[in-house]
There are 2 protein chains.
Amino acid sequence: MGRVTIGDVARRARVSPAAVSAAFNDPAQLSKTTVSRILATALRLGYAPNPHARALLSRRVGVLGVLFPQAVSTVFANPFFSAFLEGVGEITDERAVGLLTVSPAHGSLARAIAAAPVDGFVIVGLDEAHDEVAPLRRRGVPFVIVDGDSEVASSVNVDDEAGAYQAARFLLGQGHGDVLVLGFHMPPADLHQPRGVAGRRLAGYRRAFAEANVPLAEDSVVRTPVSLNGGDEALEKVLSRGRRPSALLAVSDIMALGAMRAARRNGLRVPEDLAVIGFDDIPLATASHPTLSTVHQPIREKGRVATRLLLRELDDSGPREQIVLPTELVLRETTSTGKAPLRREKGGSYRGRRTLTRAAAG
Amino acid sequence: MGRVTIGDVARRARVSPAAVSAAFNDPAQLSKTTVSRILATALRLGYAPNPHARALLSRRVGVLGVLFPQAVSTVFANPFFSAFLEGVGEITDERAVGLLTVSPAHGSLARAIAAAPVDGFVIVGLDEAHDEVAPLRRRGVPFVIVDGDSEVASSVNVDDEAGAYQAARFLLGQGHGDVLVLGFHMPPADLHQPRGVAGRRLAGYRRAFAEANVPLAEDSVVRTPVSLNGGDEALEKVLSRGRRPSALLAVSDIMALGAMRAARRNGLRVPEDLAVIGFDDIPLATASHPTLSTVHQPIREKGRVATRLLLRELDDSGPREQIVLPTELVLRETTSTGKAPLRREKGGSYRGRRTLTRAAAG
DNA sequence: TCTCTCTCCTGAACCGTTTCAGGAGGCCAA
DNA sequence: TTGGCCTCCTGAAACGGTTCAGGAGAGAGA
């Protein structure tokens, strides 16, 4: 026995399938008694409209896809993404739409994209021009780019360069000579690409070093996965080679926290022996001990803004926007040496959520 | 101009739609030249089969739903769920299926369930008999229960009671007289229900107190949301009333970490002034300082097992199972007073992943 | 009584695929 | 030349809803 369909309900309620459909979607066009008879019958039979059939005709499933270029398991291991999804979730909850995480299926992002039953995508960490993203435009699937470049599509970024610059400048201003930089581990092909989050953050650090006339040696930049263990192992390796940096810049908080674990294990006190500045300001940055100095970016806000832009595009209401949110250096305990007073420095330029930077024709 | 459909490709390649379908799904039944002509045409037009249409007929969409009784934004704020989803993601990645988080839509879980374009559900924190869950069985939608009771469906639980018991017993054995318990905040209706994770953990604590002949006063059990702030505020409030517990049992690590933040702010040293034991053993438990003693449960494994059980059910391969995974008290720095040696105690009984506890007919 | 209007409902087309029986044509053996 | 068997392809019927033009019947007004 198959699932109960609209036809079953119609038969039992002695009406046409069209009437059943109407009872659910536009009860006004039916008499009250008929509607209640139909609904009662539907309830009794346990009928629920088939989402696929409904989507086929209406071209709406009520699901938003969040696209990551990494495996799902990697995504959820990263508190940054959790916080981002938290922001996305605030809006999808509000609008009662579903949230589908889309990741490469057996290595193929294209396949995963094609198979995803969604109305549109929030794309994280890929540029609009990326090979997997471009086909979406041709197919007319709406999307919003987060942490990536875009010309036509709406996008949300933060001012990574400025934030990184502030962080490095602060440490150099404290007189640190040997600063270790923990960068994103990435495929060799992308290593020297200046664009993207990784490139922008490193560029910010480099600008500060250049300005301070401090050389940043190639072996002072260690690339490592974005995880506790990534940061832990990276610092462990450096220490095991006998090097004793006095400060550490990490392109992500979770790396920084991992490195602090390694520091502690090796008898280094933070911040006395090793000053640390992370990036992102994940919720944990205030829960760690010592609390983590970091470059704040509005992660949840980013998720909210991106999702609102996508929904707006789905509704054809409002223009596309390229938005850049601000970053801000937040000094906490991992940089307080007693000498330097706690302070906050504005990093990025806030062009504002409502600021239309470049609008594109639909 | 609408999206490009199978008909467009067929026309341009001078074949029938059926041939295009075959080219994608069963190329063997077509000649090589025809297949390559069709695929080339499809590529040129940017054709991708419509997931809804495909799902309608094949009754498979390639998406698994993970159902939470809480808002999406709440879910992602909780590292426990992140770790669980990490486990789920390992399997869905492997099998190239999508992952849809399903949460109450405008307060109605039933509506969210009905609208979700998925092949089956992993249901977290709800019993099989729950009003929103029961209809799924009638509709023939496969599901697996996690952290909830089930008679017929497959389920995955951990031995909460035993883990909680071990934790409380350890603290009482250390001679702590004033132990504060941080429990789950929940709707009043569920408050005294003995079942469910919350009930089982509290029951474990209570058993240890009873055994040690130490009374557990009603105002020693504070119910608070599962979050850093929840734990922080709960302890803050207790301290502000002038009470100075010497030990703290939290039903979740994230609460425990929040409480430690409050303790530090109030000048209490952990573990010297306040011993702390959490629950779950989230990844952060080893990254906090001091590192968190806690009741370990295999969170990722739980996600993996549940997902495998669901996929197995979708494939009609293998029986249903009710699985209980073990818990284990893990002592780290938040309980080490110097007097007590570090040690590990087995908590739950491991009935094993492959152990068939109760099998139910399909 | 006839016509008009309004309410309530139905029939049929359609959304974009997949599936499957079967047709067209070529080739080979008898 | 006929029959049979392949290979390669097509036509049409699903899948389970929604939509929309229009029909039936009741009531009102002339």
Side-chain angles (χ1 to χ4, degrees), chain A residues 1-39 41-42 45-63 111 114-119 139-141, chain B residues 1-39 41-42 45-63 111 114-119 139-141:
Chain A
M1 49 181 265
R3 314 284 165 265
V4 26
T5 73
I6 202 171
D8 300 328
V9 177
R11 245 184 319 278
R12 302 292 276 268
R14 311 204 160 282
V15 290
S16 69
V20 178
S21 176
F24 278 92
N25 303 310
D26 186 11
Q29 75 179 252
L30 263 39
S31 75
K32 295 217 165 217
T33 64
T34 309
V35 169
S36 60
R37 179 162 41 97
I38 292 175
L39 294 183
T41 311
L45 298 184
Y47 167 75
N50 180 315
H52 309 307
R54 184 195 270 268
L56 183 55
L57 196 49
S58 70
R59 295 157 190 292
R60 277 292 182 104
V61 252
V63 174
R111 212 176 328 170
V118 301
D119 296 328
R139 287 182 25 215
V141 180
Chain B
M1 48 180 263
R3 313 287 164 263
V4 25
T5 73
I6 203 172
D8 300 328
V9 178
R11 246 186 316 281
R12 303 292 276 269
R14 309 202 163 283
V15 290
S16 69
V20 177
S21 175
F24 278 92
N25 303 309
D26 186 10
Q29 74 180 254
L30 263 40
S31 74
K32 295 216 164 217
T33 64
T34 309
V35 169
S36 60
R37 179 163 41 98
I38 292 174
L39 293 183
T41 311
L45 298 184
Y47 167 74
N50 180 314
H52 310 307
R54 187 194 269 268
L56 182 54
L57 199 48
S58 71
R59 296 157 189 292
R60 273 297 180 100
V61 52
V63 174
R111 213 176 327 169
V118 300
D119 296 328
R139 288 184 21 219
V141 179

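Chain letters run A, B, ... following the sequence lines, proteins first, then strands; residues in each count from 1.
For C/dC15, neither phosphate oxygen OP1 nor OP2 lies less than 4.0 angstrom from any side-chain nitrogen or oxygen of B/N50. Applying the 4.0 Å criterion to OP1 and OP2 of C/dC9, one finds that A/R14 has every side-chain N and O outside that range. An OP1 or OP2 oxygen of C/dT18 is reached within less than 4.0 angstrom by a side-chain nitrogen or oxygen of B/R54. In this model, the phosphate group of D/dG17 is approached by a side-chain N or O of A/Y47 to a distance below 4.0 Å at OP1 or OP2.
The CZ atom of B/R3 sits 20 Å away from the P atom of C/dC14 (whole-angstrom rounding). One interatomic measurement links the two molecules: NE2 of A/H52 to P of D/dG16, which rounds to 11 Å at whole-angstrom precision. The nearest whole Å value for the distance from the CD1 atom in A/I6 to the C1' atom in C/dG11 is 14 Å. Rounded to whole Å, atom C1' of C/dT17 lies 17 Å from atom CZ of B/R60. We find that NZ of A/K32 is positioned 18 Å from C1' of C/dC9, with the value rounded to whole Å. Nucleotide C/dC8 holds its C1' atom 12 Å from the CG atom of A/D26, rounded to whole Å.
Residue B/S31 is in sugar-phosphate contact alone, with no base atom involved, counting any heavy-atom pair closer than 4.0 Å across all strands shown. If you check every strand for non-hydrogen atoms under 4.0 Å, B/A48 touches sugar and phosphate atoms only. B/L30 comes within contact range of the sugar-phosphate backbone alone, with a heavy-atom separation under 4.0 Å but no base atom that close. Among the protein residues, B/F24 comes within range of no part of the nucleic acid, since none of its heavy atoms lies under 4.0 Å from any strand.
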Full working for side-chain contact (heavy atoms from CB on, under 4.5 Å) between A/V15 and A/R37: CA-CA 10 Å; A/V15 290; A/R37 179 162 41 97; 4.1 Å; yes

Derivation and outcome, side-chain contact (heavy atoms from CB on, under 4.5 Å), residues B/I38 and B/T41: CA-CA 5 Å; B/I38 292 174; B/T41 311; 5.6 Å; no

Pair A/V35-A/K32, side-chain contact (heavy atoms from CB on, under 4.5 Å): steps then yes or no: CA-CA 5 Å; A/V35 169; A/K32 295 217 165 217; 5.8 Å; no

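Of all nucleotides listed (D/dG17, C/dC15, D/dT10), C/dC15 comes nearest to the side chain of A/L56. Which of D/dC20, C/dC15, D/dC8 sits closest to the side chain of A/R59 comes down to C/dC15. Between C/dT18, C/dA12, D/dG17, one nucleotide has an atom nearer to the side chain of B/L57 than all others, and that is C/dT18. Set against D/dT18, D/dC9, C/dG16, the side chain of B/Q29 has D/dC9 as its closest nucleotide.
Heavy-atom distances to DNA chain C give each of A/V15 and B/T5 a nearest nucleotide, and the one nearer the 5′ end belongs to A/V15.
Listed for the A/N25 side chain is no donor-acceptor partner under 3.5 Å among the backbone atoms of A/A22. In this structure, A/S58 contributes its side chain and A/R54 its backbone to a donor-acceptor pair below 3.5 Å.
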